[in-house]
Amino acid sequence: MAKFGFILPREQLVEPAGRIARELGIDVVLNKSVPTEQILEVAAECKRLGADILVARGRQASILKEHTDFPVVEIQLTGQEIALLLHRARNMVPRIQRPKIGIVTIPNMIGDISAFAEVFSIELHTYFVSGNDEMEQAVSQAVADGMDVILGGDYVNAYCRRLGKRTLFLDSTEDSIRTSLKNARSVGYAADAERRNTAHLQVLLDYSFNGIIELDPKGKIVRVNDVACKIINRPREQLEGVELASLMPYEDAALWSDTVASNQELYATMLTIAGVQVVANAAFVSTKDVVEGIIFSFYEMQKFERQGARALRESYRLQRYLAYRRFEDIRYVSREMQQLIKQAKTFAATELPVCIQGEVGSGKTLLAECIHNASPFAKGPFVTFHCGAGWDEGGNDLARFIRNANNGTLYLDHIHRLSKGEQHVLWRLLREQVVQPKEESSPVRVSVRVIASMVGRLGDLMARGDFLPELYYLICPLQLKIPPLRSRPEDLEQFIDLCLGDCFAKLDRYVVLTKEARRVLLSYPWPGNYTQLQTFLERAVITAPSRTLRDGYLLDLLKELYPSSALPKEVVADNEISSEAQKLIDALSRHQGNREATAKELGISKTTLWRKMKHYGIRDYYDKSEAY
């Protein structure tokens with residue numbers, strides 16, 4: 001069922017609008033009066049609350065139509081309301097035989113009202129404007145034209161009063177509200193029907209065994225199904241809005257362009273799309289001989305030849321030997337990550353071993369899967385070996401994992417935990433491309449790409465004698481170091497917003513951060529990186545006392561879950577801002593929030609203490625007037 005947001009210019013409209021909506025069975029997610037200068041902020045709030053359609057009046061409706069994608073149903077004055085207003089205006093000047101009455105408004109508020117002039121024996125003038133910047137000019141013109149009474153909105157009324165002119169507000173009654181909400185309900189019915197039709201069509205598209213592309217009449221891609229994306233190995237967002245011909249070589253593009261120009265169907269034609277050979281069909285969708293769009297369906301020429309390979313990948317999936325994630329799944333905006341991903345793609349194109357170094361929760365496994373899927377071994381298995389997880393220290397378990405990874409990738413999670421026996425097995429694999437489990441009488445040749453990850457530095461282990469030098473020099477040349485999340489504030493802020501969006505979808509709880517709360521999250525070092533931040537925000541959302549997450553609540557939760565003593569020393573040293581904030585919190589705690597005593601202990605003035613509390617987002621932490 002469609003959801004509605006009511007954005008109204010006056011408080012007295014809110015109650016009747018809500019009551020009438022309940023009578024009509026309209027699902028309202030927001031109903032409030034809003035100053036015009038805040039209209040777009042409230043529209044964004046409606047979007048977050050899931051509104052499909054907005055109901056508004058006058059200038060506010062015009063702004064929403066111009067600056068948002070929402071369908072907007074306008075509250076327009078009915079003929080009866082206009083008649084009542086003109087009657088009231090006429091009575092304001094009873095001694096004038098044929099008074100001049102002017103209406104200053106935007107065009108969408110009223111229709112043709114010229115007939116009322118004769119009914120009420122008045123001279124009626126309308127002054128249409130497009131915005132507030134034209135209001136004063138229109139009122140001045142109405143005054144110059146000798147209007148005895150001027151009707152308009154709040155802005156017009158206020159300006160008229162400053163000029164000492166009689167004025168009357170263009171007020172809506174329940175009549176126009178009810179009429180508009182009935183119209184809104186009809187729009188909602190249509191939106192629901194369209195959404196159901198779209199959902200049914202998408203199911204048909206997604207469950208087709210062929211790739212299907214919906215095109216506009218000129219051959220631009222409007223929509224694709226999942227099968228199409230998989231066949232040509234392109235994500236949906238890289239296809240929609242693109243000319244289909246741009247994905248074809250010159251000869252095929254010329255053939256396709258002729259097909260589009262002539263509106264002739266295409267049947268069982270061999271084409272190449274994004275480097276993949278396909279057998280294609282195209283049908284034109286027409287209404288009264290006018291082409292409305294094109295349905296392009298296709299399947300891969302080598303589809304049947306590849307059934308054996310697909311069956312093999314299915315066995316990999318059943319054994320959990322598949323890597324699902326690709327480089328385009330990594331979300332980042334920082335320059336450091338741009339450089340890292342560029343280097344990772346370069347390494348992925350080789351068959352050489354890659355070593356990924358990064359802190360806990362920094363995304364090492366994600367990067368390993370991306371490298372595998374962009375490598376020459378992408379069609380093979382992705383086998384993960386969790387080093388130090390109680391395996392046979394002689395390396396026989398590792399040897400069996402290597403056999404399973406043949407023609408694919410072996411991912412060594414926490415390589416620094418390998419035993420000496422396992423290190424010898426890995427050295428032989430990298431040096432000779434062979435492995436010899438105990439059950440084999442002779443070495444078995446394998447083709448395996450190795451990707452390893454670790455938290456520390458292998459060089460330090462080698463220096464202590466815990467890692468074989470001959471293995472270190474084989475595996476260390478292609479190294480990728482994932483920078484910690486705290487060193488990438490732009491990525492940290494992006495991930496905070498992504499996590500909150502996921503919480504809204506997964507937990508069905510919508511919350512917003514205050515500026516101070518966001519500053520707390522940005523200043524905390526997050527030694528557990530993505531993993532720690534995601535689980536912390538999930539906990540924060542689940543136990544949030546209100547829809548607004550404040551800094552005091554987050555600081556309490558951080559202190560409860562991650563005492564400062566539990567932070568790695570290198571993290572504390574690397575985050576001076578957070579350390580100073582923690583000192584302030586500890587001192588305030590000792591003095592039960594007494595700022596005078598806290599400032600004295602720290603050797604600073606109360607003003608400096610207040611400024612630091614505000615800077616670090618802990619101003620509200622000990623403000624007893626705030627409730628969390």
### Query
Between Tyr562 and Tyr524, is any pair of side-chain heavy atoms under 4.5 Å apart?
yes
### Message
So which atom in Ala2 and which in Ile53 form the shortest heavy-atom distance, rounded to 0.1 Å?
### Response
CB-CD1, 4.3 Å
#### Entry: Side-chain donor or acceptor of Asn373 paired with backbone N/O of Ala323 under 3.5 Å
yes
### Message
Under the side-chain hydrogen bond (donor to acceptor under 3.5 Å, both in side chains) definition, can you give me all pairs with a residue in residues 338-353, not counting sequence neighbours?
### Response
Thr350-Arg449
### Message
Please find the pair of heavy atoms, one from Pro353 and one from Leu474, that lie closest to each other, and give the distance.
### Response
CG-O, 3.7 Å
### Message
Which residues pass the ring-ring contact (aromatic ring centres under 6.0 Å, His included) test with Phe504, not counting sequence neighbours?
### Response
Tyr510
### Message
For the CZ atom of Phe347 and the CD1 atom of Ile451, what is their distance to the nearest 0.5 Å?
### Response
12.0 Å
#### Entry: CA sep, side-chain torsions, deciding dist, call: Arg539, Glu560, salt bridge (Lys or Arg N to Asp or Glu O under 4.0 Å)
CA-CA 12 Å; Arg539 162 63 194 278; Glu560 174 190 342; 3.7 Å; yes
### Task
Indicate yes or no: at least one non-hydrogen side-chain atom of Ile75 is less than 4.5 angstrom from one of Leu8.
yes
### Query
Is Ile341 close to Ile330 at the side-chain level, that is, under 4.5 Å between some pair of heavy atoms?
yes
#### Entry: Residues Asp551, Lys515: salt bridge by 4.0 Å N-O rule
no
### Query
Going from CD on Glu45 to NZ on Lys32, what distance comes out if it is rounded to the nearest 0.5 angstrom?
5.0 Å
### Task
Please confirm whether the backbone N or O of Glu490 pairs with a side-chain atom of Glu493, one donor and one acceptor, at under 3.5 Å?
no
### Query
When you look at Phe536 and Leu561, which way does the side chain to side chain contact (heavy atoms under 4.5 Å, CB included) test go after all the steps?
CA-CA 9 Å; Phe536 173 80; Leu561 297 178; 3.8 Å; yes
#### Entry: Phe4 side, atom CZ; Asp52 side, atom CG - distance, nearest 0.5 Å
7.5 Å
### Query
Listed by chain and number, what are the salt bridge (Lys or Arg N to Asp or Glu O under 4.0 Å) partners of Lys506, not counting sequence neighbours?
Glu538
### Message
Taking Arg464 first and then Asp466, would you say they form a salt bridge - that is, a charged N and a carboxylate O separated by under 4.0 Å?
### Response
yes
### Summary
When rounded to the nearest 0.5 Å, the distance separating SG of Cys503 from CD1 of Ile542 is 7.5 Å
#### Entry: Spacing of Ser453 atom OG and Gln357 atom CD [to the nearest 0.5 Å]
10.0 Å
### Task
Assess whether side chain to side chain contact (heavy atoms under 4.5 Å, CB included) is satisfied between Thr36 and Ile63, documenting all intermediate values.
CA-CA 9 Å; Thr36 300; Ile63 293 173; 3.5 Å; yes
### Summary
Nearest heavy-atom approach of Val14 to Asn31 is O-ND2, 3.0 Å
### Carboxylate-amine/guanidinium contact Asp497 Arg518, below 4.0 Å
yes
### Query
With the threshold set at 4.0 Å, does a side-chain nitrogen-carboxylate oxygen contact exist between Arg486 and Glu359?
yes
### Task
Decide yes or no for Pro483 and Leu340: does some side-chain heavy atom of the first lie under 4.5 Å from some side-chain heavy atom of the second?
yes
### Message
With a 3.5 Å distance limit and no angle check, can you tell me whether Arg331 reaches the backbone of Phe495 through a side-chain donor-acceptor pair?
### Response
no
### Message
So Leu64 and Ile39, do their side chains get closer than 4.5 Å, heavy atoms only?
### Response
yes
### Query
When you check the gap from the basic side-chain N to the acidic O, do Arg457 and Asp460 get nearer than 4.0 Å?
yes
### Message
I need the minimum non-hydrogen distance between Glu11 and Ser33, along with the two atoms involved.
### Response
OE1-OG, 2.8 Å
### Query
Counting only N and O atoms by type, is there a donor-acceptor contact under 3.5 Å from the side chain of Asp491 to the main-chain atoms of Val333?
yes
### Query
Rounded to the nearest 0.5 Å, how far does CD1 of Ile356 lie from CD of Gln479?
11.0 Å
### Task
Before giving the answer on side chain to side chain contact (heavy atoms under 4.5 Å, CB included), spell out for Leu239 and Ile232 the whole-Å C-alpha distance, their side-chain angles and the decisive distance to 0.1 Å.
CA-CA 10 Å; Leu239 295 173; Ile232 59 181; 3.8 Å; yes
### Query
Are Arg547 and Val512 close enough that some pair of their side-chain heavy atoms sits under 4.5 Å apart?
no
### Query
With side chains defined as the heavy atoms from C-beta onward, is the minimum distance between Pro527 and Gln532 less than 4.5 Å?
yes
### Task
Would you please name every residue forming a ring-ring contact (aromatic ring centres under 6.0 Å, His included) with Phe385, sequence neighbours left out?
Trp391, Phe401
### Task
Please check if the side chain of Arg236 supplies one atom and the backbone of Cys229 the other of a donor-acceptor pair under 3.5 Å.
no
### Query
Going by atom types alone, do Tyr530 and Ser362 pair a side-chain donor with an acceptor below 3.5 Å?
no
### Task
Name all residues meeting the salt bridge (Lys or Arg N to Asp or Glu O under 4.0 Å) criterion together with Asp413; count only those two or more places apart in sequence or in a different chain, and write none if there are none.
none
#### Entry: For Glu74, all residues meeting salt bridge (Lys or Arg N to Asp or Glu O under 4.0 Å), sequence neighbours excluded
Lys65
### Message
When you compare the side chains of Ser546 and Tyr553, does any donor N or O come within less than 3.5 Å of an acceptor on the partner?
### Response
no
### Summary
Taking every heavy atom of Val227 against every heavy atom of Gly211, the minimum-distance pair comes out as CG1-N, 3.6 Å
### Query
Do the side chain of Trp526 and the main chain of Thr531 share a donor and acceptor less than 3.5 angstrom apart?
no
### Message
Any carboxylate oxygen within less than 4.0 angstrom of a Lys/Arg side-chain nitrogen, looking at Lys3 and Asp27?
### Response
yes
### Message
Quick one, Thr365 and Glu369 - any side-chain contact, counting heavy atoms below 4.5 Å?
### Response
yes
#### Entry: Minimum-distance pair of heavy atoms, taken over all atoms of Ala599 and Leu609
N-CD2, 3.8 Å
### Task
Decide if atom CD of Glu37 counts as having more than 12 heavy atoms of other residues, nucleotides or ligands within a radius under 6.0 Å.
yes
### Task
Check for a donor-acceptor pair, side chain of Asn529 on one end and backbone N or O of Leu485 on the other, with a separation under 3.5 Å.
yes
### Message
Quick one: does any side-chain atom of Asp329 pair with a main-chain N or O of Arg326 as donor and acceptor, under 3.5 Å?
### Response
yes
### Task
Assess whether side chain to side chain contact (heavy atoms under 4.5 Å, CB included) is satisfied between Met462 and Leu458, documenting all intermediate values.
CA-CA 6 Å; Met462 183 185 69; Leu458 279 179; over 6 Å; no
